[in-house]
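Lettering of chains follows the sequences in order, A, B, ..., and the numbering in each one begins at 1. No experiment lies behind these values; they were computed from the predicted model shown.
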Amino acid sequence: MPKRSSVTSADNDGFFSRVYEVARLIPRGRITSYGAIARYLGTGRSARMVGWAMNSSHTVPGFVPAHRVVNRNGMLTGKHHFGNSSTMQQLLENEGFTVIDDIVLEFRERFWDPSAEL
DNA sequence: ATTCTGACAGCAA
DNA sequence: TTTGCTGCCAGAA
């Protein structure tokens, strides 16, 4: 077993990695919520941790479609964490979503539940 | 070790 | 209806 000495949270095989793993499984053109991912991970009510993990998603090698993860309202609560406030919205619109007032209109239709799909 | 915070969600008023 | 508080778990100081 590889020892995990002083590693960053993102490198650790804990909660964070699982969140990223699920996030990468989100099909293009789909969207999900923090709570849905949290429930799939088994944490259930720790949806906040999912968002927290996303905060470190930039430390993960590869691409983590964090823009496809919004809160249960379909609101882009974390758009401010993408560098520019408009980045998240741009990415979503690029995938065919309609974002108005930081809300994804197609959220309900394009919702992708890992617990149901996986 | 203790305390605070956090990109949420649910429930009460 | 909207607004606010609580719970929840894990990581950072």
Side-chain angles (χ1 to χ4, degrees):
Chain A
M1 283 302 291
K3 68 159 193 166
R4 52 180 111 90
S5 32
S6 315
V7 294
T8 53
S9 9
D11 270 44
N12 198 345
D13 290 272
F15 226 65
F16 283 48
S17 292
R18 289 182 196 173
V19 174
Y20 309 139
E21 190 176 347
V22 176
R24 291 190 190 121
L25 292 174
I26 303 174
R28 189 179 179 285
R30 296 286 168 147
I31 200 171
T32 189
S33 66
Y34 302 97
I37 296 176
R39 192 173 62 163
Y40 173 75
L41 294 176
T43 51
R45 298 137 182 170
S46 61
R48 313 176 89 186
M49 302 290 63
V50 178
W52 189 255
M54 285 302 176
N55 192 0
S56 300
S57 64
H58 67 100
T59 68
V60 185
F63 175 64
V64 179
H67 60 278
R68 294 177 189 155
V69 185
V70 295
N71 67 358
R72 70 166 194 89
N73 278 318
M75 185 177 180
L76 282 54
T77 52
K79 69 168 187 178
H80 210 25
H81 290 260
F82 280 75
N84 269 349
S85 303
S86 55
T87 304
M88 189 173 185
Q89 181 172 333
Q90 285 284 297
L91 289 168
L92 289 170
E93 289 180 340
N94 188 31
E95 298 194 1
F97 291 106
T98 305
V99 182
I100 297 178
D101 193 31
D102 300 334
I103 308 292
V104 180
L105 301 184
E106 305 294 328
F107 170 71
R108 198 165 169 178
E109 302 176 44
R110 298 288 183 177
F111 184 75
W112 183 81
D113 189 347
S115 301
E117 302 296 327
L118 307 178

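- Side chain of Y20(A) to main chain of V60(A): no donor-acceptor pair is present (N/O by atom type, distance under 3.5 Å, no hydrogens or angles).
- Remark: H81(A), F82(A) in residues 79-100 of chain A come within less than 4.0 Å of DNA chain B through at least one heavy atom.
- The distance between atom CZ of R18(A) and atom P of dC9(C), rounded to the nearest whole Å, is 15 Å.
- Note on N71(A): only backbone sugar-phosphate atoms sit closer than 4.0 angstrom, heavy atoms only; bases stay farther off.
- In this structure, G78(A) and Y34(A) approach most closely via the heavy-atom pair N-OH, 4.3 Å.
- Here dA7(B) presents its P atom at 13 Å from NE2 of H58(A), a figure rounded to the nearest Å.
- Between the CZ atom in F82(A) and the CE atom in M54(A) there is a gap of 8.5 Å [rounded to 0.5 Å].
- Grouping the Ile, Leu, Val, Met, Phe, Trp and Tyr side chains by contacts below 4.5 angstrom, directly or via other members, places V104(A) apart from M75(A).
- Among the heavy atoms of the strands lying under 4.0 Å from A66(A) is at least one base atom, whether or not backbone atoms are also near.
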Expected list for residues 41-48 of chain A: side-chain donor-acceptor pairs under 3.5 angstrom, two or more places apart:
residue : atom : partner : partner atom : Å
T43(A)  : OG1  : A38(A)  : O            : 2.7
T43(A)  : OG1  : S46(A)  : OG           : 2.8

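- Distance R39(A) CZ to dC9(C) P: 16 Å, rounded to the nearest Å.
- A donor-acceptor pair is defined here as one N or O able to donate and one able to accept, closer than 3.5 Å; such a pair exists between the side chain of S33(A) and the backbone of A36(A).
- Across all strands, T77(A) comes closer than 4.0 Å only to sugar-phosphate atoms, never to a base (heavy-atom distances).
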Discussion item. Test side-chain contact (heavy atoms from CB on, under 4.5 Å) on L76(A) and I103(A); report intermediate values, then the result.
Written reply: CA-CA 6 Å; L76(A) 282 54; I103(A) 308 292; over 6 Å; no
Just the atom pairs and distances: protein N or O near nucleotides 1-7 of chain C's N or O, under 3.5 Å.
residue : atom : partner : partner atom : Å
dG7(C)  : O6   : R48(A)  : NH1          : 3.2

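- Remark: nothing in residues 107-118 of chain A comes within less than 4.0 Å of DNA chain B through any heavy atom.
- Evaluation of the side chain to side chain donor-acceptor pair (under 3.5 Å) test over residues 71-81 of chain A, restricted to residues two or more places apart or in two chains, returns K79(A)-D102(A), H80(A)-S85(A).
- Considering all non-hydrogen atoms of both residues, R24(A) and P61(A) come closest at NH2-O, 3.2 Å.
- Applying the side chain to side chain contact (heavy atoms under 4.5 Å, CB included) criterion to D101(A), with sequence neighbours excluded, gives no partner residue.
- Using a 4.5 Å heavy-atom cutoff, the side chains of I31(A) and I26(A) are not in contact.
- Applying a 4.0 Å cut-off to non-hydrogen atoms, the residues of residues 23-37 of chain A that approach DNA chain B are S33(A), Y34(A), G35(A), listed by residue number.
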Please tabulate, for the side chains in residues 105-115 of chain A, all donor-acceptor contacts under 3.5 angstrom to protein atoms that are two or more places apart in sequence or on a different chain.
residue : atom : partner : partner atom : Å
D113(A) : OD1  : S115(A) : N            : 3.0
D113(A) : OD2  : R39(A)  : NH2          : 2.9

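- Take E117(A) and apply the side-chain hydrogen bond (donor to acceptor under 3.5 Å, both in side chains) test, not counting sequence neighbours, and it matches no residue.
- Residues meeting the salt bridge (Lys or Arg N to Asp or Glu O under 4.0 Å) test with E93(A), sequence neighbours left out: none.
- If you measure from atom CG of N73(A) to atom P of dA9(B), you get 8 Å, rounded to the nearest angstrom.
- What separates OH of Y20(A) from P of dG11(C) is a distance of 10 Å, to the nearest Å.
- Every pair passing salt bridge (Lys or Arg N to Asp or Glu O under 4.0 Å) that includes a residue from residues 52-69 of chain A is listed here, sequence neighbours excluded: R68(A)-E95(A).
- In this structure, V22(A) is not a member of the same hydrophobic cluster as V70(A), with clusters built from ILVMFWY side-chain heavy atoms closer than 4.5 Å.
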Please enumerate all protein N or O atoms sitting under 3.5 Å from an N or O of nucleotides 10-13 of chain B, with distances to 0.1 Å.
none

